[in-house]
Amino acid sequence: MRKIQTSLFFLLLSLAACKEDADKVIHTNLPLEATQLLETSTSWGESIYFTALNFQNYERLDTLNLPGCPTITIEEGIRSVELDFENPLECNLENSIERKGKITINYGLISLESTSRWTVEFEDYSFGEVSITGSKTFNQSSPDHIQETFENLTFKTTENLTTTLSGTFNHTLNRTNTLLYSISTSGVGIGTNPAGRTFDWEITEPRITDINCLNSGEYLPQAGKENWTISRSPGREVLHSLEFIALDSCKVQVNAMLSDGRNLILNP
């Protein structure tokens with residue numbers, strides 16, 4: 001009888017553990033989870049235009065054509081650029097979401113190497129209600145191809161929800177003659193979401209950042225697809241997909257396909 005009772009105890013304990021894992025999955029708010037993924041994707045990508053420009057671009061840049069209209073300080077001797085969004089210039093560009101803080105780009109001294117390299121530091125920087133902390137490294141192998149790498153970039157909301165992200169992304173600068181009109185981005189990342197779950201992120205179809213649309217206040221990419229694979233209990237994963245679809249006048253619709261098969265528009 002004792003053996004039967006012991007076996008029954010462990011069976012009930014096992015069933016309770018399985019139910020607990022199932023409840024964690026069932027109780028996960030999937031639309032909220034997808035919205036947080038979009039928030040991370042947006043906060044990571046909205047500064048691509050600033051950080052993909054090289055030092056010569058900034059030397060020739062019309063400051064009134066930079067989204068957020070930051071005060072730009074160029075240090076010729078050490079080849080650095082500071083974008084100060086705390087003291088923005090007056091300009092005619094639309095800025096639908098406020099930027100604060102500073103972005104400092106250090107290009108270093110001119111090298112004879114074929115690859116140009118620079119680093120980006122986010123200093124008390126925020127986009128809307130998300131603050132971004134950390135640094136990135138950019139390597140430019142040719143005039144139109146740049147690789148971006150970073151580790152443990154941190155995104156924190158005003159509700160103290162934190163996401164960390166590491167990744168490697170490749171940017172192609174698309175030009176008409178010498179005029180940059182869009183940036184095409186692909187790559188992969190890994191991280192931890194606000195619930196403490198790890199995830200893998202892959203851009204399966206390139207994100208297209210349209211510079212004219214960015215200048216008009218549209219911060220979302222004009223095209224692209226992303227897969228986000230999120231861990232659950234050990235050995236279990238779910239997959240959410242995001243797709244960016246361009247509408248009229250630079251407006252973008254973000255479609256989400258959730259792991260349970262539901263399709264949502266995240267920015268109705």
Side-chain angles (χ1 to χ4, degrees), residues 2-46 127-134 136 148-170 185-207 220-221 224-245 253-268:
R2 183 181 298 275
K3 290 183 178 180
I4 294 176
Q5 290 177 337
T6 302
S7 299
L8 182 60
F9 171 77
F10 282 110
L11 176 60
L12 292 174
L13 186 63
S14 177
L15 290 174
C18 291
K19 183 179 185 301
E20 182 180 357
D21 286 340
D23 285 345
K24 288 179 181 178
V25 175
I26 293 171
H27 293 160
T28 298
N29 186 327
L30 298 183
L32 176 60
E33 189 170 60
T35 299
Q36 290 173 342
L37 298 177
L38 174 60
E39 186 175 64
T40 298
S41 176
T42 301
S43 300
W44 163 78
E46 63 84 23
F127 177 69
E129 296 185 351
V130 179
S131 65
I132 299 134
T133 304
K136 297 180 178 181
E148 167 190 341
T149 58
F150 55 89
E151 292 185 3
N152 297 321
L153 203 64
T154 301
F155 305 89
K156 180 181 287 188
T157 69
T158 53
E159 293 80 22
N160 289 320
L161 299 176
T162 300
T163 297
T164 60
L165 180 66
S166 302
T168 299
F169 297 89
N170 296 300
T185 302
S186 60
V188 295
I190 59 174
T192 304
N193 71 7
R197 292 168 172 155
T198 59
F199 62 79
D200 294 307
W201 174 28
E202 180 181 7
I203 299 176
T204 56
E205 293 187 13
R207 290 167 55 113
L220 292 170
K225 290 184 179 181
E226 307 176 350
N227 283 346
W228 297 77
T229 304
I230 305 171
S231 67
R232 289 290 192 255
S233 56
R236 299 185 63 183
E237 298 175 335
V238 298
L239 173 67
H240 301 315
S241 297
L242 303 182
E243 181 177 11
F244 302 93
I245 300 175
Q253 177 175 299
V254 183
N255 292 343
M257 177 176 286
L258 306 183
S259 59
D260 62 1
R262 281 181 289 173
N263 292 300
L264 301 177
I265 299 175
L266 294 184
N267 60 336

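Under the rule for a salt bridge (Lys or Arg N to Asp or Glu O under 4.0 Å), the partners of Glu205 that lie at least two apart in sequence or sit in another chain are Lys225. For the ring pair (Phe, Tyr, Trp, His ring centres under 6.0 Å) test, residues two or more places apart in sequence or in another chain that qualify with Phe127 are Tyr219. For Asn263, there are no side-chain hydrogen bond (donor to acceptor under 3.5 Å, both in side chains) partners two or more places apart in sequence or in a different chain. Annotation: side-chain contact (heavy atoms from CB on, under 4.5 Å) contacts of Thr168 (sequence neighbours excluded): Gln147, Thr149. Gln253 pairs by the side-chain hydrogen bond (donor to acceptor under 3.5 Å, both in side chains) definition with Asn255, not counting sequence neighbours. For Lys136, the salt bridge (Lys or Arg N to Asp or Glu O under 4.0 Å) criterion is met by Glu148, not counting sequence neighbours. Taking the side-chain contact (heavy atoms from CB on, under 4.5 Å) definition, one finds that Leu239 meets it with Asn227, Thr229, Ser241, sequence neighbours left out. For Glu39, there are no salt bridge (Lys or Arg N to Asp or Glu O under 4.0 Å) partners, not counting sequence neighbours. Thr40 is linked by a side-chain hydrogen bond (donor to acceptor under 3.5 Å, both in side chains) to nothing, counting only residues two or more places apart in sequence or in another chain. With sequence neighbours excluded, the residues that form a side-chain contact (heavy atoms from CB on, under 4.5 Å) with Thr185 are Trp44, Ile48, Phe169, His171, Ile183, Ile203, Arg207. Legend: residues meeting side-chain hydrogen bond (donor to acceptor under 3.5 Å, both in side chains) with Gln36, ordered by chain and number and at least two apart, are absent. Scanning for ring pair (Phe, Tyr, Trp, His ring centres under 6.0 Å) contacts around Phe244 gives an empty result, with sequence neighbours left out.
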For the pair Val188 and Asp200, evaluate side-chain contact (heavy atoms from CB on, under 4.5 Å) and give the outcome as yes or no after the intermediate values.
CA-CA 7 Å; Val188 295; Asp200 294 307; over 6 Å; no
Show your reasoning for whether side-chain contact (heavy atoms from CB on, under 4.5 Å) applies to Glu243 and Val254.
CA-CA 6 Å; Glu243 181 177 11; Val254 183; over 6 Å; no
What do the steps show when you test Arg197 against Arg232 for side-chain contact (heavy atoms from CB on, under 4.5 Å), and what is the final call?
CA-CA 7 Å; Arg197 292 168 172 155; Arg232 289 290 192 255; 3.3 Å; yes
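A distance of 5.0 Å separates OG in Ser186 from CG in Asn170, rounded to the nearest 0.5 Å. Rounded to the nearest 0.5 angstrom, Leu30 CG and Leu258 CG are separated by 5.5 Å. To the nearest 0.5 Å, the span separating NZ on Lys156 from OG on Ser43 amounts to 14.0 Å. For the atom pair OG1 (Thr192) and CD1 (Ile230), the distance works out to 11.0 Å, reported to the nearest 0.5 Å. A distance of 8.5 Å separates CG of Leu32 from CG of Leu161, quoted to the nearest 0.5 Å.
Between the side chains of Thr164 and Thr154, no donor N or O sits under 3.5 Å from an acceptor N or O. The closest side-chain donor-acceptor pair between Glu226 and Ser41 falls under 3.5 angstrom.
Within 6.0 Å of the CD atom in Glu237, the count of heavy atoms belonging to other residues, nucleotides or ligands exceeds 12.
Between Phe155 and Thr162 there is no side-chain heavy-atom pair separated by less than 4.5 Å. Side-chain contact between Leu37 and His240: present, with at least one pair of heavy atoms (C-beta onward) separated by less than 4.5 Å.
Listed here is the closest heavy atom pair of Asn193 and Thr163: CA-OG1, 4.1 Å.
Using the six-membered ring where Trp is involved, Trp201 and Trp228 have ring planes that are parallel, under 30° apart on the 30 and 60° scheme.
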